[in-house]
Amino acid sequence: MGKRIVSIVLSIAVLGLIIPLSSNLAHAAPGDYIVTGLAGTIDRVTPAGVVTPIAAGLDPITSIAIDKNGDYVVVAFNGAIGKVSGGVFTPDPSSPLPSQLTDVAIDANGDYVVVGFNGLIGKVSGGVFTPHPLSPLAPGLTGISIDYNGDYIATGAGVIHQISGGINTPIVGLPNPLWGIAIDSFGDYIVTPSHAVGKVSGGIFSPIAGGLPNVTPNIAIDSNGDYIITAAQAPTILVKVPAPLGPPVPIVLSVPIALQTSIAIEPNPPEHFLTYQVNESKNTPKFEKTESWLGDLFGEGDYRVEKPYRLLNPVDKNDEGLYDTETHMVAYKLKQQDYKKTDGYDKILVENQFGEISLDIRKAKLLLVPSAKNHDDYPEELAPYAADHFKCYDVKVTKNTPKFEKRYVNVYDPNFDEDRKLEVKNPRLYCNPVQKIHGDYTGTILSPETPLVCYDVKKAKGEENHDRTSVFTNNQFGPEALDTKKEKELCVPSTITYPDNDKDGILANEDPDDSDPCNPSVNNQVCQAITNSPGEHFMSYQVKETKNTPKFKKFNMDLADKLGYGEVKVKKIQRLLNPVDKNNEGIQDEITHMVGYQIQKQDYTKYDGYDQIMVANQFGLINLDVKNPKLLLVPSAKSHDSTPDVLLTLNSHFTCYDVKVTKGTPNFKKIKADVYDPNFDEDRTMDVKKPRMFCNSMQTNALKAPNGVYGEQLLCYDVKKSKGEPKHDRTSVFTNNHYGPEELDTKKEKELCVPSMMINPGMTQVNPP
C-alpha cells in the first residue's frame, strides 16, 4: 500500500562504453510494468507479458518515476529531464541539467531528486535545480532512492551512500559492480550486482538469487514483495524472483523492447475497507493499554491506546476491483494525553466517489494499525512499512451545508466470503495518515494524500446478517484473538481540501446570513481567508529602468491559470513588489521580491464563466468583474548595491488581471493600514482604496509554480500615503530573475497586494488544452 517511489539502477554497454542506467518503482498493489528503453521508448507491460506502446522518439531514457498524478518523470544521460503525460513529453524548465543523469526519485513533496554518473546529486523543485551540499558526491553514481525517513540512498560502484541532511554514511564492501537498488517494506536495501539479487540489512549483504539474464539487471518490488527484474537486451525478458527466495520466473514479452533501461510498477487505486465491531475473544490475554505519540496535519502529541474496537477488511465495492486482500487494519480506541492541536483544522471539504461534503472535525477517536489476519492461528506480523497508520476523528456534517444523501452499494468481502448490499448513511469518521512513534518503532507517512472517510452502514433489507467469526490478528501491538460482530462503517479513499489550501467551488447555503462575513455559503475556508493572513503581503512601487542600462527586450510566451490560457507579449517592467509587514502581522520571507512585467494578450482565451468572481481576504468579501491580463509577477532577488544571484525559490509566478467592482454589489470602503517595508526601512500609514488587480498563481512555458500551480492568489488595492505621512524615498535597486538582471529606479507606491481566495462561479475547465 502506498505510492512511495523507490529506485533501481542498471548499467549497459553502449558504443563500447559502460553507461549506468537506472529506474524507480512504485511500492503499491500489483500493477502493470512501465518499461523504458535506451531507444527513447516507454511501454506498458502487463504481468502476462502484453506490450502496449506509450511514447517513442524521446532521448535515450535512463530512468523513470511515477508521480502522484500518474504521470511519468523521465531522465536521460544527456541531462534531459521532463514529464510524459498522455504520451506527450514536456521538458522540465531545469532541463537539460549539467550532468550524465542516471536516476530520478520523487520525494514526499513531489520534488525530483536526481543523480548523475559524474557524482552530481540534487533536487529539482518548481523547475529550479538545487545541488545537494555534498554534490558532487562520488564518481560512478548509478541510482537514487528515498527511504522511509526521507534520507537519500545513492548507489555507486560497490558502495551505498546513506545521505541524511548534510552527512554521508557510506555502506561499503558490496559486490562490485553494484547496479540496481530498491527499498523493501522492512526498510532493507535490495540490490543487483551483476546477474544477481541480494539484500543489505544492517550493512550486511546476503545473496538471494543468481543466474539472472545478461546484461546487468534492473529491479522493482511489487506489493507481494516479489522482485521484478529487467535486462538491457533485445528481445527483452522480464523476470520475477519470488521473495525472499525462489527460482527466477520469466515473463516473456510478446514484442521486443530494444535496450531496456528501467522499470516502474504502476500503482493501483487505494482500497476500500469494511469495518466490523469486535470484542476480544474469551480466554485470551486482555489488551494492555499503551502509550504512542501520533502526529498528522491536525496536530501532534501523546495518546493512550486503550483496546481493539474494529477490524477493517479490504473489500470490493461495486465490482471496482480489489488489489490487496492481505493488508487489514485493527482499530484501537484512543484517549488524548498531551496533545497540541493545529489551529484552523476544525472544518474540511471532502471529495470521493460519493461526492463532495463539508465536515466539522471533532476529537480523535481511533488509531488504525496495519495488521495481518488469519482464521486458524496467529499470523506473522506485517512488514513495518507495509502500509500507513491512520488517526480517525469523529465528524459531523457542517451546519447549513448540503447533507449526505443515503445510497446503496454492493460490497464483497473475500476474507469472509460475504457478498451483500449495504445502505450507506452519514459520514462518521475522517481518518488521516499519521506518523506514529511507539517504543523502538518510529513510523512515517507513506501516502499523505490518501485519507479515508468512513460512513455508517447497515445491511439492506432482505440481506443476510454477517456471519460472526473469530479471527487472529498480529501487528506492532502484538497478537490478538477477536470475535467479529456486525458491520459498522465503509471507509472510502478520499481527497481532502484543508483550510490552508485553495479550493474551487461553493458549498450551497440553505439559510444564508448575509450579515456574517464567514457566511456558510462560501464555507470555512473563506472565514480563514477573511480572518487570517496565509501568505505575504506586498507593496508595489512604480519603477522605470535606470538610464544607461540595456533596454528590456519584448518577447512572447504562453501562460495558463484558473481564469484563462494562451499567448501574451511581455513588454516592459512596470512594478517592483516588496514583502511588507501590514498592521504588525509579521513577515515570513523578506528575501523574495517580485518584478511586475506589463503584458498584452496576443492569442489568449478566458474560460467561460470567469468574467465575474468573488474574492475573500482580511478586508472582507467583494464581487469583481475580471478584465484583461495586465501584469506578470516573477519572483526576484533584490539588492541595493549590485546585481544579486538568481533566487532558488519555491514562490509562485502570478498573472494579474484588471478588475472592477461588480455593478449592483457593495463597493469597497476605504480603510487605513499601517505598512512597514523593511527593504526601504519605511513605516507609514496608507489609505487603501478600491481593488485594482487580481493576481492568480499560474503556469508558464518557462516555470511551473510549485504550489500545485494554482495554490496562491493576491488582490491588489490602489493605495496612497495618508495625510501627513512622508513620501517614499525614491531609490535605485538591482534585481535578478530568470529573465535576467535589471537596474530600476523606484517611484511612488501604487498597490498593496493582499493574500486572498477566489470563490469562482463554477469551473468549466481546469487545465489548458
Side-chain angles (χ1 to χ4, degrees), residues 126 344 349 497-506 517 522-540 559-565 575 577 579-580 582 585 588-589 592 594 596 599 606-607 609-635 649-662 668 688 690-700 703-718 751-763 765-767:
L349 195 62
T497 299
Y498 300 105
D500 59 346
N501 285 347
D502 179 53
K503 174 64 186 177
D504 305 314
I506 303 172
V522 287
N523 80 40
N524 183 63
Q525 296 173 76
V526 175
C527 300
Q528 295 295 321
I530 292 172
T531 57
N532 295 324
S533 173
E536 298 293 348
H537 292 67
F538 290 88
M539 180 68 79
S540 88
L559 303 179
D561 66 35
K562 286 180 178 176
L563 300 184
Y565 66 94
R575 294 286 189 270
L577 280 73
V580 293
K582 179 179 72 66
E585 294 166 355
Q588 302 174 49
D589 178 7
T592 305
M594 298 275 182
I599 56 176
K606 278 249 278 309
Y607 293 130
Y610 281 82
D611 294 322
Q612 292 183 347
I613 59 175
M614 180 186 288
V615 177
N617 59 34
Q618 291 179 329
F619 296 156
L621 292 168
I622 195 163
N623 293 285
L624 300 172
D625 294 343
V626 180
K627 307 294 183 178
N628 288 327
K630 178 180 181 178
L631 282 183
L632 168 66
L633 303 186
V634 179
T649 179
L650 296 178
N651 289 60
S652 297
H653 290 50
F654 294 84
T655 307
C656 297
Y657 296 78
D658 270 328
V659 294
K660 188 176 181 181
V661 177
T662 302
F668 181 78
V688 182
K690 61 184 178 182
R692 175 62 59 191
M693 294 184 298
F694 177 74
C695 303
N696 231 338
S697 56
M698 44 75 78
Q699 180 179 351
T700 79
L703 185 79
K704 183 177 181 180
N707 217 354
V709 178
Y710 303 130
E712 300 175 65
Q713 294 157 342
L714 299 168
L715 184 58
C716 300
Y717 299 77
D718 284 340
E751 293 97 6
L752 176 66
C753 298
V754 178
S756 302
M757 176 182 294
M758 178 179 71
I759 314 300
N760 51 303
M763 184 175 291
Q765 190 171 6
V766 295
N767 288 313

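All residue numbers refer to positions in the sequence shown, counting from 1.
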*Measure from the side-chain N and O atoms of Q618 to the backbone N and O of V754, and report whether any donor-acceptor pair falls under 3.5 Å.*
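Here the side-chain-to-backbone pair does not exist.
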Any side-chain heavy-atom pair from [X] and [Y] closer than 4.5 angstrom?
| X | Y | result |
| --- | --- | --- |
| I613 | Y657 | no |
| L563 | M758 | yes |
| H537 | P755 | yes |
| L559 | I599 | yes |
| V626 | F694 | no |
| V661 | L624 | yes |
| V615 | V659 | no |

Taking all non-hydrogen atoms of both residues into account, name the closest pair between [X] and [Y] and its distance.
| X | Y | value |
| --- | --- | --- |
| E536 | D589 | OE2-N, 2.7 Å |
| T655 | P629 | CG2-CB, 4.0 Å |
| D658 | M693 | OD1-CG, 4.3 Å |

[X] side, atom [atom1]; [Y] side, atom [atom2] - distance, nearest 0.5 Å:
| X | Y | atom1 | atom2 | result |
| --- | --- | --- | --- | --- |
| R692 | D718 | CZ | CG | 4.0 Å |
| T662 | N623 | OG1 | CG | 5.0 Å |
| S697 | H653 | OG | NE2 | 11.5 Å |
| L631 | F654 | CG | CZ | 12.5 Å |
| R575 | F538 | CZ | CZ | 15.0 Å |
| E585 | Q588 | CD | CD | 11.0 Å |

*Would you say C716 and C656 have SG atoms less than 2.5 angstrom apart?*
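A disulfide is absent here, as the SG pair of C716 and C656 is separated by 2.5 Å or more.
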*Would you call the rings of F619 and Y717 parallel, tilted or perpendicular if under 30° counts as parallel and over 60° as perpendicular?*
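Judged by the thresholds at 30° and 60°, the geometry between F619 and Y717 is perpendicular.
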*Any Lys/Arg nitrogen of K660 or D625 sitting under 4.0 Å from an Asp/Glu carboxylate oxygen of the other?*
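Between D625 and K660 there is no salt bridge, as every charged N stays at least 4.0 Å from the carboxylate O atoms.
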